[in-house]
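Below you'll find the structure, written out as structure tokens, and then a few comments.
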Amino acid sequence: MSFSYVSHLYCPQCRETYHVEGKNQLCVCGSPLLVAYKMDELKENVKPESLVGRQADLWRYHELLPVQNAENVVTLGEGFTPLFQMKKTGQNMNIPNLYMKDEGLIPTGSFKSRGAAVGVSKAKEVGVEELAMPTNGNAGAAWSLYCAQAGVTATIVMPVDAPEITRKECTAAGASLCLVNGLIGDAGKIVAQAVKDYQLFDASTLKEPYRIEGKKTMGLEIAEQFNWEVPDVILYPTGGGVGLIGIYKALQELQELGWIAEDKMPRLVAVQAEGCAPIVKAWEEGKTSAEPWQNAETVAFGINVAKALGDFLILDAIRQTKGCAISVSDETLLEELNTVASADGAFVCPEGAAAFAAARKLREANWIKEDDHVVVLNTGAGIKYPNTVEVDAPILEKDAKIVRDA
Ligand SMILES: *Cc1c(COP(=O)(O)O)cnc(C)c1O
Ligand SMILES: [Zn+2]
């Protein structure tokens, strides 16, 4: 019995294969690489029942993860986040079976910890000592903190407008942080140059193959939490799209293992903000890749990605699952954020709020049916974004009384 059944890396574009022992980045053809597992052996040796009694974090799926030696696991207890019914919000949207998987309840307060835990563990395993990455904030925070535990040096570049708490997380973790007067794409260019100049490992989204393996555990968990059945629809706030690609990969692997039925795949929905919707545009135009979005802007910072390296994989995942791509305005998502908090008590992040708003829109269009089981990913904690809610509270003198309107 192996800790991991990882086999090799392969290119989804040109089919070239690579060993997992190296410090792998992109394929020679420029495409992201994906991880393959020895599925026959895994199927033989591991069953859903094998998971019973294991720790409630993402490492319970270690056979389907790329880290080969348990000693290299870097962890803060991430994963196995709660999945629960959003009763009043669901009633309000006329989706009685509306669920939220709450990634706000994870170390560092965003699902980026999943990618960081697995990505940093594997980087440590193959001997990476220094890495660099551009980020919209949450990924940089998560990678900085996991790198601190791993003893890996991290160089992080993020837009000056990224959520302020994320730069403090990087700094507290001892990472080397730069802010750029620009967007994540500009940060990416600066990182690419630093990677060349100083021979750093490039941990940019999809430029290393293992972040997606961490994020795929959201898909594994959803299946396990639904007792190895799958919901009808999964809505995911999509920036670089790693989460969505990962969830799709997870569900395909579970089908191959026979842990879920082969004839039902949830319809995957890529949710974007109207101010940055390259995937939605490409989807509506029937394209297989997306054009860079000009003047990208949204309060949902995690999905402010003008050009995703994995755009073709996102579009393929939604096409194969009969899903769709949809955008919502900042105004709509902020309104939804308040609705969800006041109805069900969940203070979601703006990206998660966008996914709830999209569910409402798709129900109104009858694309989501009344009896569909629908899962919204809340990708982070609302408290990481203190400026999304406007507060108009009176300040009282010490001896004042509360005066209620008659
Ligand atoms: C990064 C991020 C996203 C987008 O995730 P991708 O997998 O890159 O598409 C969504 N929400 C939050 C809170 C994020 O930090
Ligand atoms: Zn290739």
Side-chain angles (χ1 to χ4, degrees), residues 9-18 24-34 81 101-104 106 108-116 119 133-143 158 162-163 165-166 169 184 188 204-207 209 211-219 234-249 268-273 276-279 290 298-314 317-318 325 333 337 348-356 358 376-385 388:
L9 298 169
Y10 68 96
C11 172
Q13 294 278 39
C14 74
R15 300 283 146 184
E16 183 67 73
T17 60
Y18 297 82
N24 292 287
Q25 306 257 238
L26 293 174
C27 178
V28 285
C29 79
S31 165
L33 294 173
L34 297 177
T81 53
K101 185 156 177 67
D102 193 4
E103 296 289 300
I106 206 170
T108 84
S110 92
F111 82 103
K112 291 295 196 301
S113 286
R114 295 179 186 268
M133 67 188 303
T135 173
N136 269 336
N138 285 332
W143 282 70
M158 69 170 74
I165 185 70
T166 61
E169 293 174 274
I184 187 171
S204 305
T205 301
L206 290 172
K207 287 194 183 167
R211 186 198 290 220
I212 178 173
E213 295 302 297
K215 291 189 175 183
K216 101 182 166 188
T217 56
M218 288 186 286
I234 299 176
L235 296 110
Y236 185 83
T238 302
V242 187
L244 188 122
I245 300 164
I247 289 171
Y248 182 48
K249 186 171 189 280
L268 300 181
V269 179
V271 178
Q272 299 202 297
C276 181
I279 300 297
T298 168
V299 293
F301 223 78
I303 54 176
N304 197 10
V305 179
K307 171 71 186 168
L309 197 56
D311 53 0
F312 68 101
L313 294 169
I314 305 169
I318 57 186
L333 74 87
L337 189 149
V348 301
C349 64
E351 297 84 354
F356 277 106
V376 166
L377 268 299
N378 175 45
T379 41
I383 49 172
K384 288 196 91 172
Y385 306 73
T388 49

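When a ligand or atom number is given, it counts from 1 through the structure's own listing order. We number each residue from 1, following the sequence as shown.
In terms of polar-atom proximity, T238 is not counted as a contact of ligand 1, lacking any N or O under 3.5 Å from an N or O of the ligand. Looking at ligand 1, you won't find any N or O of C349 less than 3.5 Å from one of its N or O atoms. At least one N/O-N/O distance between T379 and ligand 1 falls below 3.5 Å. Taking any N or O of G302, backbone or side chain, none lies under 3.5 Å from an N or O belonging to ligand 1.
Taking every heavy atom of G241 and a limit of under 4.0 angstrom, the matching atoms of ligand 1 come to 6 (P), 7 (O), 8 (O), 9 (O). Of all the atoms in ligand 1, the ones that sit under 4.0 Å from a non-hydrogen atom of G243 are 7 (O). Of all the atoms in ligand 1, the ones that sit under 4.0 Å from a non-hydrogen atom of Y236 are 5 (O), 6 (P), 7 (O), 9 (O). The distance from ligand 1 to the heavy atoms of G239 drops below 4.0 Å at these ligand atoms: 4 (C), 6 (P), 9 (O). Each of the following atoms of ligand 1 lies closer than 4.0 Å to a heavy atom of K215: 7 (O), 8 (O). Near Y385, with a cut-off below 4.0 Å to any heavy atom, the atoms of ligand 1 are 13 (C). Numbered from 1 in the order shown, with element, the atoms of ligand 1 that lie under 4.0 Å from a heavy atom of V242 read 6 (P), 7 (O), 9 (O).
In this structure a side-chain-to-backbone donor-acceptor pair under 3.5 Å is present from N378 to C349. In this structure a side-chain-to-backbone donor-acceptor pair under 3.5 Å is missing from N304 to C276. A donor-acceptor pair under 3.5 Å is formed between the side chain of E351 and the backbone N or O of G302. At least one donor-acceptor pair under 3.5 Å links the side chain of K101 to the backbone N or O of T81. Looking at Q272, its side chain does come within 3.5 Å of a backbone N or O of I279 through a donor-acceptor pair. Side-chain N or O atoms of Q25 include one that pairs as donor or acceptor with a backbone N or O of K207 at under 3.5 Å.
Put simply, the angle at the Zn ion (ligand 2) from SG in C11 to SG in C27 is close to 110°, to the nearest 10°.
The side chain to side chain contact (heavy atoms under 4.5 Å, CB included) with V242 is formed by just one residue from the set K215, K216, K112; it is K215.
For the pair K249 and E213, the salt-bridge criterion is met [side-chain N within less than 4.0 Å of a carboxylate O].
Among all protein heavy atoms, the one lying closest to atom 8 (O) of ligand 1 is G240 N, 3.1 Å.
Of all the heavy atoms in A290 and P278, the pair that sits closest is CB-O, 3.6 Å. The two residues K384 and A141 make their nearest non-hydrogen contact at NZ-CB, 4.4 Å.
Distances shorter than 4.0 angstrom occur between a heavy atom of F111 and an atom of ligand 1.
One option in E103, E351, K112 has a heavy atom closer to atom 3 (C) of ligand 1 than any other, and that option is K112.
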